[in-house]
Chemist: 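Right, I'll just put the structure down here and ask away after.
On a predicted model such as this, the values are computed, not experimentally measured, just so you know. Both counts, for ligands and for their atoms, begin at 1 and track the order of listing.
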Amino acid sequence: MKMMKYFGMFILMGMMSAVMFAKTLYVGTNAEFAPFEYLEKGKITGFDIELMNALAKEMKMDIKIENMAFDGLLPALQMKKVDVVIAGMTETPERKKAVNFTKPYFKAKQVIITKKGKDIKDFQELSGKKVGVMLGFTGDAVVSDIKGAKVQRFDATYSAVMALENGKVDAVVADSEPAKKYIASYKDLSIASAKAEEEDYAIAVRKNDKVLLENLNKAMEKVKANGTYDALLKKYFK
Ligand code: ARG
């Protein structure tokens, strides 16, 4: 009987320490990118955040979200301020030199937002125009490569869209899903018909965190197989 008691206590302590010492995964994001990550009543939420929570649950980890400027995310990852970055981040050859990416979890495209009735059929037509982009986003690189385009950099998609509404720029290049979200409240803005190359969003980890990368990929397979991922797609993109 006494043995049983000790045994019980042992188990209880084990359970307590598992809860208390569940490893915390520090997650970097930039919560100005609805529907992937945004603030709702002061709390960070969105597709990426819920996906990250589901992945962490599979890995039996807790997460702590750190919100910061987009162009500070990869430096923060490398300086070990965070362990992973999930931010609707496109895996690009340039970024792959610095960090590793998980298997992609979402396909996206750059689109051009214009005033209604001023369609743009090709990105090259942005030449000679004032074009708003977000600092360090892939759209920044796309527009910076167009000869003659006058690039104007903004901190966040909503401020670039506001500049377009106020006539300060002629067009804004942004990721497809956020573009739809951020123009929803403007009746005179629309998405042009120009087509861009497809991009893959993936989660970034440090180059030497091989085990974490593998665990994230395994967890991703699980949440795709058990319906969690599809439920999130439905919730945010229906
Ligand atoms: N997909 C684009 C990129 O990788 C934009 C991502 C912006 N994400 C954000 N959370 N602000 O550059």
Chemist: Pairs of nitrogen or oxygen atoms closer than 3.5 Å, one from T29 and one from ligand 1: do any exist?
Modeler: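 No: no nitrogen or oxygen of T29 is under 3.5 Å from one in ligand 1.
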Chemist: List every atom of ligand 1 that sits less than 4.0 Å from any heavy atom of Y201, numbering the atoms from 1 in the order shown and giving each element.
Modeler: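 With Y201 as reference, the close atoms of ligand 1 come out as 1 (N).
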Chemist: Can you list the ligand 1 atoms lying under 4.0 Å from a non-hydrogen atom of D175?
Modeler: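 Atoms satisfying the 4.0 Å criterion: 1 (N), 2 (C), 5 (C).
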Chemist: Quick one: are the ring centres of Y229 and Y105 less than 6.0 Å apart?
Modeler: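 They do not qualify: ring centres at least 6.0 Å apart.
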Chemist: Quick one: which ligand 1 atoms are inside 4.0 Å of a heavy atom on N30?
Modeler: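 Every atom of ligand 1 under 4.0 Å from some heavy atom of N30: 9 (C), 10 (N), 11 (N).
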Chemist: What do we get for E32 next to ligand 1 when only non-hydrogen atoms under 4.0 Å count, side chain, backbone, both or neither?
Modeler: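 No part of E32 comes within reach of ligand 1.
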Chemist: Would you mind listing which atoms of ligand 1 come within a distance below 4.0 Å of any non-hydrogen atom of A87?
Modeler: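 Numbered from 1, ligand 1 contributes 6 (C), 7 (C), 8 (N), 9 (C), 10 (N).
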Chemist: With heavy atoms under 4.0 Å as the rule, classify the contact between R95 and ligand 1 as side chain, backbone, both or neither.
Modeler: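 The part of R95 near ligand 1 is the side chain, not the backbone.
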Chemist: For salt bridge (charged side-chain N to carboxylate O under 4.0 Å, His left out), just list the numbers for K107 and D200, CA-CA rounded to whole Å, side-chain angles, deciding distance to a tenth of an Å, and then say yes or no.
Modeler: CA-CA 5 Å; K107 288 207 179 300; D200 283 320; 2.8 Å; yes
Chemist: Residues two or more places apart in sequence or in another chain: which of them pass side chain to side chain donor-acceptor pair (under 3.5 Å) with K97?
Modeler: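 Side chain to side chain donor-acceptor pair (under 3.5 Å) list for K97, sorted by chain: E94.
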Chemist: Can you label the angle between the F36 ring and the F106 ring as parallel, tilted or perpendicular, going by 30° and 60°?
Modeler: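 If you compare the ring of F36 with that of F106, the planes turn out perpendicular.
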Chemist: Report the residues that fulfil side chain to side chain contact (heavy atoms under 4.5 Å, CB included) with K60, sequence neighbours left out, ordered by chain and then residue number.
Modeler: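 Result, side chain to side chain contact (heavy atoms under 4.5 Å, CB included) vs K60: none returned.
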Chemist: So, is the end of the K64 side chain (NZ or CZ) under 6.0 Å from the ring centre of Y26 and within 45° of the ring's axis?
Modeler: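 No; the conditions do not both hold, so K64 does not lie above the ring face of Y26.
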Chemist: Name the orientation class of the two ring planes belonging to Y158 and Y182 (parallel below 30°, tilted from 30 to 60°, perpendicular beyond 60°).
Modeler: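 Tilted, since the angle between the ring planes falls between 30° and 60°.
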Chemist: Of the side chain and backbone of F137, name the one, both, or neither that has a heavy atom under 4.0 Å from an atom of ligand 1.
Modeler: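 Contact part for F137 vs ligand 1: both backbone and side chain.
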Chemist: Considering only heavy atoms of F70, which atoms of ligand 1 have at least one such atom less than 4.0 Å away?
Modeler: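 Reading through ligand 1 atom by atom, the close ones are 3 (C), 4 (O), 6 (C), 7 (C), 8 (N), 9 (C), 11 (N), 12 (O).
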Chemist: Who's the nearest protein heavy-atom neighbour of atom 6 (C) of ligand 1, and how far?
Modeler: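 Atom 6 (C) of ligand 1 sits closest to the protein heavy atom G88 O, 3.3 Å.
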